[in-house]
Amino acid sequence: MDQIIEQESSSAAMSQTGVNLLERDLSSCSAPVKAVCELFANLTSQQVTKANFSRAYRSDIVFTDPLHVINGLDELVNYSESLYTNVESCRFEFERILERQGEATLIWKMHLVHPKLNGGKLVLVPGVTHVLFEDRIYYHRDYFDAGAMLYEQLPVLKQVIGWLKARLK
């Protein structure tokens, strides 16, 4: 029977202790899970390199999110470069990690600042990642509300979506 490694982080604990919980909390995780968490914890456009991504991902990675399906490490790096071009900051807070032999589920909150979203103010997006791995990750699927991240942060669409939501109540 597989053992599940479960870890939780607490924003309150981080702010009280001032300690980077990411390092402490990942100590019992497998190397691939630790690598992907470290990659995305505070990723910047300068860090989107094949060398950095290859620490977590195999060359045949299949990466899926609500907007795209990416096949291969080179395509994933290119996709990530385009995403991070205008990002002012993006930080993933890993709230819970559930891991067992060869797979993991990561529950996170993305803290995103982009000049074209929400008037350049912070956007918080909760999400979940499911990964499959051997020595490195070969399958990565993100689940999050693309509407909350994108469409609801654009001024005109935000008003239309708000109107639609009100009509549905």
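Heavy-atom basis, side chains included; hydrogens, waters and symmetry copies ignored. In what follows, residues are counted from 1 in the order of the sequence shown.
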CD1 of Ile137 to NE2 of His130, rounded to nearest 0.5 Å, is 10.5 Å
Which value, rounded to the nearest 0.5 Å, describes the distance between Phe144 atom CZ and Thr129 atom OG1?
-> 9.0 Å
Spacing of Ser59 atom OG and Leu76 atom CG [to the nearest 0.5 Å] = 12.0 Å
Do side-chain atoms of Glu99 reach the backbone of Val33 as a donor and acceptor pair under 3.5 angstrom?
-> no
Run through Arg141, His140, Glu103, Arg136 and flag the one making a side-chain contact (heavy atoms from CB on, under 4.5 Å) with Val131.
-> His140
Parallel, tilted or perpendicular for Phe40 and Phe53, by the 30°/60° rule?
-> perpendicular
All heavy atoms of Asn86 vs all of Pro115, minimum pair found to be O-CD, 3.1 Å
Euclidean distance, Phe63 CZ relative to Leu73 CG, rounded to 0.5 Å = 12.0 Å
May I ask whether Leu39 and Val128 are part of the same hydrophobic cluster, defined by side-chain heavy atoms of I, L, V, M, F, W, Y residues being less than 4.5 angstrom apart, directly or through others?
-> no
same_hphob_cluster(Tyr84, Val123) at 4.5 Å side-chain heavy-atom cutoff | yes
Establish whether Leu112 and Val125 are linked, either directly or via other cluster members, by ILVMFWY side-chain heavy-atom contacts under 4.5 Å.
-> yes
Compare every heavy atom of His68 with every heavy atom of Asp65, then report the nearest pair and how far apart it is.
-> OD1-N, 2.7 Å
Can you tell me which residue pairs pass the ring-ring contact (aromatic ring centres under 6.0 Å, His included) test with a partner in residues 98-122, sequence neighbours excluded?
-> Phe92-Trp108
Go through Arg96 and Thr105 one step at a time and tell me if the side-chain contact (heavy atoms from CB on, under 4.5 Å) criterion holds.
-> CA-CA 8 Å; Arg96 188 172 227 181; Thr105 302; over 6 Å; no
Compare every heavy atom of Ile97 with every heavy atom of Cys37, then report the nearest pair and how far apart it is.
-> SG-CD1, 4.0 Å
Can you check side-chain contact (heavy atoms from CB on, under 4.5 Å) on Arg100 and Leu98, steps first, answer last?
-> CA-CA 7 Å; Arg100 65 178 184 188; Leu98 304 168; over 6 Å; no
Between the CZ atom in Arg91 and the CG atom in Asn42, the distance rounded to the nearest 0.5 Å is 7.0 Å
Contact check, side chains of Phe133 and Val36, non-hydrogen atoms, under 4.5 Å | no
Between Gln47 and Thr44, is there a donor-acceptor pair closer than 3.5 Å when you use the side chain of the first and the backbone of the second?
-> yes
For Ile61 and Tyr139, the nearest pair of non-hydrogen atoms, with its separation, is CD1-N, 3.5 Å
Establish whether Val62 and Tyr138 are linked, either directly or via other cluster members, by ILVMFWY side-chain heavy-atom contacts under 4.5 Å.
-> yes
Distance col, row Met110:CE vs Leu122:CG, nearest 0.5 angstrom, shows 10.0 Å
